[in-house]
Every structure is written in structure tokens, then in C-alpha cells.
Amino acid sequence: MSTKAERTTAFIIETVAPVFNKHGYVGTSMSDLTDATNLTKGALYGNFENKEALALAAFEYNRSLLLNAIDEHLSIEGNAMAKIENLLDFYKKYDIFTMKMGGCPILNVGIDAQHNNKLLAAAAKETIKEIEGKIALVFENGINNGEFKLPVSPLQFSKQLFTIIQGAISMATITKDRKYLLNTVTYLDVLIKRELK
């Protein structure tokens, strides 16, 4: 059973994660955080050393939600192609999945932190690499099982795939038109099947 302090820390992280994700590190004020949590500044800093530590914990929380969802979609029964199709189905509804988080944590934090928080920027970059690695492993298993051949290495193919997905997420976010995401990921499904024959 968790202690009261642990429950308070978890509550703070879960509550401020979408605030930081929406407004960014610089754009999030202490009053945004105290308003969201109904806690005092002292109570927040009693649990976290500073704003940066809280922002990192918030990103780690959103990151774990995202990575768990990706793992769940890639670990279904079936062959590698079925796993990739299931992942693409997840990304067709990605904007809905990330709504409670305040949007895509990779896009929001990755862009926002580039020039104002090296630790957050590095955490976003590491998350990208981890997702690409998870996808590459599925492609590698597909090759090893004789399902398909890739025109490039599994990691390179995964990087290209994820770049296209993140581009679609960016366009859907900027334009507030989810068709960018839905249409691109639907096309990717067709493209992958054609490419891997």
C-alpha cells in the first residue's frame, strides 16, 4: 500500500502532466499548477525539487502511458504484419488517445523544449528512439519468420514509418483536422503491404 506522500506525488504528476503538455515548460506558470492541483506552491515544491523536476516527472508519466499503449498494440497474437496493422489502427485514433494528455507528448514537448530545456528535449528524443526500436523489432521478427522482406534495415524502415506518422500527427495538430492523421495512416497501411510483398 502506498503512503500518503506517494499518493500526493502521484496525484500531482497525473494532474499537471496535461498542463505541461499543453502549455509547455516555459508557458506553464506556478499558478497554472496550483490551480490544477488545488495545492499551494509550497506543497508542490515539498514533493518536487523545482519546476524542471516536476515537468520531467509529468513527461515521464505521459511517456509511460504512450509506451504502454504501443506495447499493448504490438504484443497481440499473430504475425508481424498483424502487429503492425494493429499499431496503425492505434495511430488512426491517436489524437483521441492523447486528448486527455493535452496532445502528443513527443510533438509538444519535443518542439517546446528544444531551446529552453535540454533534459526534456533529450527525454522526448529518447522516447522517439524507443518507439522506433519497438517497431523495428516487429519488422525484424517478420523477416526472421519469412513473412516479408524489407528494402532497408528494420530500424531504417521503422524510422521512415514513424517519421510519416509523426508528420501526420503534426499536420493534424496544427490544422485541427484529424483527416491528415486518418488518411495518412490509412495510406501507410496500403503502402506497407505493397512495399513488403
Side-chain angles (χ1 to χ4, degrees), residues 5-71 90-91 93-136 155-156 158-178 180-181 184-185:
E6 289 168 338
R7 287 193 301 274
T8 301
T9 299
F11 164 76
I12 291 169
I13 293 168
E14 288 173 31
T15 306
V16 304
V19 177
F20 272 114
N21 198 24
K22 266 188 212 167
H23 301 295
Y25 176 70
V26 173
T28 300
S29 68
M30 278 312 296
S31 64
D32 291 330
L33 301 176
T34 55
D35 289 349
T37 59
N38 287 319
L39 295 172
T40 64
K41 183 177 174 180
L44 291 174
Y45 283 147
N47 288 274
F48 296 91
E49 184 182 341
N50 53 34
K51 181 181 170 185
E52 184 175 56
L54 183 51
L56 272 168
F59 176 75
E60 288 298 322
Y61 175 77
N62 281 338
R63 173 187 189 276
S64 69
L65 292 176
L66 175 57
L67 292 176
N68 288 341
I70 289 170
D71 284 341
F90 166 69
Y91 274 108
K93 301 176 204 108
Y94 184 74
D95 55 333
I96 296 163
F97 172 78
T98 59
M99 198 177 294
K100 286 182 185 175
M101 302 162 83
C104 174
I106 295 171
L107 175 66
N108 292 358
V109 173
I111 299 295
D112 174 70
Q114 282 300 307
H115 302 291
N116 61 46
N117 192 306
K118 289 180 181 176
L119 287 175
L120 276 171
K125 186 177 177 182
E126 190 56 41
T127 304
I128 291 168
K129 286 183 177 180
E130 192 165 341
I131 293 169
E132 290 170 345
K134 289 174 185 293
I135 298 169
L155 185 57
Q156 185 59 45
S158 298
K159 284 176 180 268
Q160 292 167 348
L161 174 68
F162 195 60
T163 297
I164 294 168
I165 290 170
Q166 278 299 135
I169 292 166
S170 300
M171 291 299 289
T173 301
I174 292 165
T175 63
K176 297 191 184 326
D177 183 353
R178 71 181 312 266
Y180 279 98
L181 181 59
T184 301
V185 177

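Quick note: numbers below take in every heavy atom, side chains included, and nothing from hydrogens, waters or symmetry partners. In this text, all values refer to a predicted model and were calculated from it rather than measured experimentally.
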Task: Euclidean distance, Leu33 CG relative to Leu39 CG, rounded to 0.5 Å - done: 10.5 Å
Open item on the list: Centroid separation under 6.0 Å, is that true for the rings of Phe59 and Phe20?
Closed with: no
Open item on the list: For a side-chain contact (heavy atoms from CB on, under 4.5 Å) check, start with the C-alpha distance between Leu66 and Phe97, then their side-chain angles and the critical distance, and finish with the verdict.
Closed with: CA-CA 9 Å; Leu66 175 57; Phe97 172 78; 4.2 Å; yes
Please tabulate, one pair per line, all N/O donor-acceptor pairs under 3.5 Å involving side-chain atoms of residues 107-116, not counting sequence neighbours.
unit_1: Asn108; atom_1: ND2; unit_2: Asn21; atom_2: O; d: 3.0
unit_1: Asn108; atom_1: ND2; unit_2: Asn21; atom_2: OD1; d: 3.4
unit_1: Asn108; atom_1: ND2; unit_2: Gly102; atom_2: O; d: 3.1
unit_1: Asp112; atom_1: OD2; unit_2: Tyr25; atom_2: N; d: 2.8
unit_1: Gln114; atom_1: NE2; unit_2: Gly110; atom_2: O; d: 3.0
unit_1: Asn116; atom_1: ND2; unit_2: Asp112; atom_2: O; d: 2.9

Open item on the list: Ignoring hydrogens, what is the shortest heavy-atom contact between Ile165 and Leu181? Give both atom names and the distance.
Closed with: O-CD1, 4.5 Å
Open item on the list: Looking at every heavy atom in both Met101 and Asn62, which two are closest together, and how far apart are they?
Closed with: CE-O, 3.2 Å
Task: OH on Tyr45 to OG1 on Thr40, rounded to 0.5 Å - done: 11.5 Å
Task: Criterion side-chain contact (heavy atoms from CB on, under 4.5 Å) on Ile135 and Ile131, from CA distance to verdict - done: CA-CA 6 Å; Ile135 298 169; Ile131 293 169; 3.9 Å; yes
- [ ] Return the minimal non-hydrogen interatomic distance between Pro105 and Thr98, and the atom names on each side.
- [x] CD-CG2, 4.3 Å
TODO: Answer yes or no: is there an ion pair linking Glu130 with Arg63, defined by an N-O contact shorter than 4.0 Å?
DONE: yes
TODO: Measure the CG-CD distance between Leu161 and Gln166 for me, rounded to the nearest 0.5 Å.
DONE: 10.5 Å
Task: Within residues 28-37 or reaching into it, pairs that qualify as side chain to side chain donor-acceptor pair (under 3.5 Å) - sequence neighbours excluded - done: Ser29-Ser31, Ser29-Asp32
- [ ] Nearest 0.5 Å please: distance from the CZ atom of Arg7 over to the OG1 atom of Thr9.
- [x] 11.0 Å
Open item on the list: Does any part of the side chain of Lys41, heavy atoms only, come nearer than 4.5 Å to the side chain of Leu44, both counted from C-beta?
Closed with: no
Task: Met99 vs Tyr94 side-chain heavy atoms within contact, under 4.5 Å - done: no
Task: Side-chain touch Tyr180/Val185, heavy atoms, less than 4.5 angstrom - done: no
Task: Heavy-atom side-chain proximity of Tyr91 to Ile169 below 4.5 angstrom - done: yes
Task: Atom pair CG/CD of Leu120 and Glu60 - distance to nearest 0.5 Å - done: 9.0 Å
Task: Atom of Ser158, atom of Glu132 and distance for their closest heavy-atom approach - done: CB-O, 3.5 Å
Open item on the list: Are Asn117 and Leu56 packed together at the side-chain level, in the sense that at least one heavy-atom pair is separated by less than 4.5 angstrom?
Closed with: no
Task: Min side-chain heavy-atom separation Ile128-Lys159 under 4.5 Å - done: no
- [ ] Report the C-alpha separation of Val16 and Tyr61 in whole Å, then their side-chain angles, then the decisive distance to 0.1 Å, and conclude whether the side-chain contact (heavy atoms from CB on, under 4.5 Å) test is met.
- [x] CA-CA 10 Å; Val16 304; Tyr61 175 77; over 6 Å; no
- [ ] Mark yes when over 12 heavy atoms from residues, nucleotides or ligands other than Lys134 sit less than 6.0 Å from its NZ; otherwise mark no.
- [x] yes
Open item on the list: Checking Lys51 now: which residues fulfil salt bridge (charged side-chain N to carboxylate O under 4.0 Å, His left out) with it, not counting sequence neighbours?
Closed with: none
